Structures are given as structure tokens and as C-alpha cells.
There are 2 protein chains.
Amino acid sequence: MAEAIPRYHHGNLRAELLASAERKLETTGVQGLSLRELAREIGVSHGAPRQHFPDKQALLDALAVLGFDRLGRELDAALGEAEGAFADRLTVFARTYVRFATAHPALLALMFARKDRPDAPELLEANGRAFAAPVALIAGAQAAGEIDSDDPDRVAMALLATIQGLASIITGGMIGDRPVDAVVSGTIETLLRGLRPAR
Amino acid sequence: MAEAIPRYHHGNLRAELLASAERKLETTGVQGLSLRELAREIGVSHGAPRQHFPDKQALLDALAVLGFDRLGRELDAALGEAEGAFADRLTVFARTYVRFATAHPALLALMFARKDRPDAPELLEANGRAFAAPVALIAGAQAAGEIDSDDPDRVAMALLATIQGLASIITGGMIGDRPVDAVVSGTIETLLRGLRPAR
DNA sequence: CTAGAATCTAGTCAGTGTCTAGAAATGTAG
DNA sequence: CTACATTTCTAGACACTGACTAGATTCTAG
């Protein structure tokens, strides 16, 4: 915290830019994120950020990678502690993911903004690392026969789609005033049991 | 047609702005959409769009409403023709939605960009109209006992989440080279049957 | 201590969204 | 047909942005 005297060499510009950018991102969205404004707030000239990020997109990409890292750590932590049946651990995964999505909606959007970033190997890597634990969870459950594995790929896809869709729907504000955790566990339960009525 | 002589009064500026904007949107994304550039292409001064849209967000909102209208028409048409069991009609819904999502990813993102538009009644209305047919489909199936209705809300939520998630995953390019229609119908089948192994 | 590299400043440029005043076309009474 | 009011468009301006450049300052090896 020694922000007292603004030295010529800031010393920690890159990290502070990222921190400031992430703060701004969640309050104003990507549209309202301005490199010049960040520089102004930090107390540095408008050209300084260029030394660390060649352009604005590079800053956004770095933010996305940090987001994947953080998400990965949260998933690892949550799933590391989770014990019990597959259903319970799956619910933990869903809740952790949804919690991250609601806590950092703009950041999550940035992470999956593949529209304009067709190729970004670092992002793909970060993505893979982040979801390592849940992927292992699913694979393990299939190997142990806890879930259907006629077509493992299909089952995994349905699972990920549902959780991703949950996050979309919740961050989109489409669940009204329903309690988030109840919606999440209810959806997981429904998914496990199937939509068809029990005979 | 008849673009020959650029008259002072364009006569159809609003509609042409929307058409041009939608075209540009899918090629360059929201970021690359510039009011001035649109005006330039249409051959009108940079201030002209302001007569029809007070600001850029108004143009984007209008685009989103048009998107909901179009999606609604496609869903109505597809579900109107669909016959057979609930599972089949559900698959038709999912395919139609996913097809729309892949055909107009940027437009869809705009439609659900609630992040910065907390309240926009016209968008909510358009949203409701667009999904009238699938909502009726689900309600009907629950009434007819074709799907579980212990908690209708929960079931509907799981269904919509899965389909929305499918669209996200597919437009995000996360299905690799798997055939889209197979992924869609496989996911729906898995959802109907449930993840737990058949005893 | 001193060169060279890394970092930051300051100035510039084209481009953008928004705002204004006013010109031009259209519609509407009389 | 004419006069007027309204709609639609033009033209100029402003503050802002991301990007580029040259040069000043600081840090760091050797």
C-alpha cells in the first residue's frame, strides 16, 4: 500500500492495471472499460499501459486468463473437500460454478467471448486447467458406474450444457426471485432422475 | 433497389439502418459496430441516425427486439408443424433454437445482454412472445403427464437451462467437430432418460 | 561507473458518440 | 396554389477513445 509518492517507475503497473480493470469491468461492463481512464486512476500517463499490453484486447485476454485461474482454484478447492455420492459432488460443482458466474458475470462473459477471438491458445489452456477437476469427477463417476456411460461423451455434454445453461439463465436474471441454490440443486436432481415420469 | 439518386430525404432510413446494422453485427461483433460507419455506407450524414435512434443503445435494443420477433416466428413455425411424441417436438424446439443461435450468435448475445440493460420492458415483452410456443409445449406435456410434474417449475427450468446451455456451448465452439444435430438430440435424449444408469 | 534495456511521458492522429443550429423536404391547412 | 409547421437530414463542434511515435527517465548488468 505505500501509494504515497508517485515515482516515475510505477514498479507494479501490470498487476495494478489488471486489478483496476477487473474492478471496473464488473461495475461498468466491457464497454465502459477505458485504458486511458485506468491510467488516470492509477496516476500514470495514458501511454503507459502500452508497455505491458500491446492493445486493449491483450488486457482483456489477460483478464480472462486470470479469471480461468481463479475459477479453477475455486473449483479445485470445492471439489477437493467434497465427499459423498456423485450427486452431492456434482451439486457442489454446479453451485461453485454458478456462484462464480453470479459473482463475476462480466468476467465470465469475457472468458467465453470466443466470437472475436477465434484462436487464443493461452485461453484454451487456461480453460482446460480450470475445468480439470469437474472433468475428472465426471470421468470417475462414469468409470465407477455411478452414471450412465453408454456414450460418455453424450452424458458429459448434457451435464456441462445444463450447468452452463443454469449459469446463463441465472446471470441473465431469468429465474425471477427463486433462491439460487434451490434452483441449482433442483435442476441437478431433475437431470439425474430424468424428465420422464417415474413408473 | 432503386438506390440510384441519393435524395435528401432517404425515406427508409430506419429500416435500412437496422438491416445494415444486423449485417455488420454478425461480421464484426458489437464492438465493431459504428453508427458513423453505418451512415457512411448508407450514404447519409453522420447525424442522420439520431433522428431514428436517440443513441447507439436504442439501435441495439431495436435490433434485439427484431431478433426476438424473428426467433419467435421460427419457433412458432417449427413447433406448429411438429407432430408426434413430446420427445420429438422437444427435439424440434431444441434444434430450431440452436440453429438460430449458430446462425446469429452476436444477435443472440445482444438479446440476452441484460448486464447493462436492467430494465427494458419492450425486450421482456419480445422475449415472452418469442418463447410462447415452447412454454406452451412444456406446459401441455406436463398436463398430459408426458413428463414429470412433481414440480413443474423445476422441470421447466432444467429443460430451458439445458437448451440454453447447448446453444452457449455450441456457439462457443466447445463441441469440437461433433455434428450439431447429433449433439442436440443426444442431449435431449439423455435429459429425458436421466443420468442415472438404467436398472 | 557506465552502457543498454525497460519503463514511462507527452504529443499526435484518426475515429467515435453525442449535441447543436440550421437547411431542405414533406405534409397540411387555408 | 400557397403559407406554414413538422419531419428529416446536414454540417460543425466537443470530449473522448485506442493506437502510434519520439524522447525523457529510471533501472540494471557488466
Side-chain angles (χ1 to χ4, degrees), chain A residues 2-64 106 110 113 115-117 120, chain B residues 2-64 106 110 113 115-117 120:
Chain A
E3 305 265 0
I5 308 138
R7 297 163 301 179
Y8 189 97
H9 270 47
H10 180 282
N12 200 25
L13 224 200
R14 194 189 140 94
E16 196 160 344
L17 276 171
L18 286 171
S20 242
E22 188 177 341
R23 227 176 300 128
K24 199 80 184 175
L25 179 66
E26 295 301 345
T27 64
T28 67
V30 192
Q31 306 275 2
L33 193 65
S34 150
L35 289 180
R36 290 177 104 109
E37 187 181 355
L38 287 181
R40 230 175 290 133
E41 284 178 8
I42 296 180
V44 98
S45 83
H46 66 262
R50 192 155 206 272
Q51 220 65 34
H52 304 275
F53 305 102
D55 60 9
K56 191 179 181 178
Q57 188 61 54
L59 195 243
L60 296 180
D61 286 353
L63 271 182
L110 212 61
K115 323 284 164 79
D116 308 305
R117 323 243 73 242
Chain B
E3 305 264 0
I5 310 136
R7 297 164 300 179
Y8 189 95
H9 270 48
H10 180 281
N12 201 23
L13 224 200
R14 193 190 142 95
E16 196 160 341
L17 276 172
L18 286 171
S20 244
E22 188 178 342
R23 228 176 298 127
K24 199 80 184 177
L25 180 66
E26 296 301 345
T27 64
T28 67
V30 191
Q31 307 275 2
L33 193 65
S34 151
L35 289 181
R36 288 176 104 109
E37 186 180 357
L38 287 181
R40 230 176 290 132
E41 284 177 9
I42 296 179
V44 98
S45 81
H46 68 263
R50 192 152 208 273
Q51 220 65 35
H52 304 277
F53 304 102
D55 60 10
K56 191 179 182 177
Q57 189 60 54
L59 196 243
L60 296 180
D61 286 353
L63 271 183
L110 212 61
K115 323 284 163 79
D116 307 304
R117 322 244 74 239

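Nothing here was measured: the structure is a model prediction, and the numbers come from that model. Each chain gets a letter, A, B and so on, in the order the sequences are listed, and its residues count up from 1.
Whole-Å rounding puts the B:I42 CD1 to D:dT8 P distance at 15 Å. When rounded to the nearest whole Å, the span between CG of A:D55 and C1' of D:dT17 equals 14 Å. For B:L38 and C:dG17, the CG to C1' distance is 13 Å, given to the nearest whole Å. The CG-P distance, from B:L35 to C:dT18, rounds to 6 Å in whole Å. A:Q31 has its CD atom 14 Å from the C1' atom of D:dG18, to the nearest Å. Residue B:L60 contributes atom CG, which lies 10 Å from atom P of C:dT18 at whole-angstrom precision. Distance, A:L17 CG to D:dG18 P: 12 Å, rounded to whole Å.
Heavy-atom nearest nucleotides on DNA chain C were determined for B:E37 and for A:N12, and the one closer to the 5' end corresponds to A:N12.
Rounding to the nearest 0.5 Å gives a distance of 11.0 Å between CD of A:E22 and OG1 of A:T27. Rounded to the nearest 0.5 Å, atoms CD1 (A:I42) and CG (A:L17) are 4.0 Å apart. Taking OG of A:S34 as the reference point, atom CD of A:E41 lies at 9.0 Å (rounded to 0.5 Å).
Considering only the side chain of A:K56, D:dG18 comes nearest among C:dG17, C:dT9, D:dG18. Residue A:R36 has its side chain nearest to D:dG18 when only C:dC8, D:dG18, C:dT16 are considered.
The minimum heavy-atom distance linking B:L35 with B:P49 is given by the pair O-CG, 4.4 Å.
A heavy atom closer than 4.0 Å to some atom of DNA chain D occurs in A:H46, A:R50, these being the qualifying members of residues 45-53 of chain A.
The side-chain heavy atoms of B:Q31 and A:V30, taken from C-beta on, include a pair separated by under 4.5 Å.
Side-chain N or O atoms of B:T28 include none that pairs as donor or acceptor with a backbone N or O of B:L25 at under 3.5 Å.
Note on A:S34: every side-chain N or O is 4.0 Å or more away from OP1 and OP2 of D:dC16. The side chain of B:R40 contributes an N or O atom lying less than 4.0 Å from OP1 or OP2 of C:dT16.
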Problem set entry | Residues B:L13, B:Q51; criterion side chain to side chain contact (heavy atoms under 4.5 Å, CB included); working and verdict | CA-CA 9 Å; B:L13 224 200; B:Q51 220 65 35; over 6 Å; no
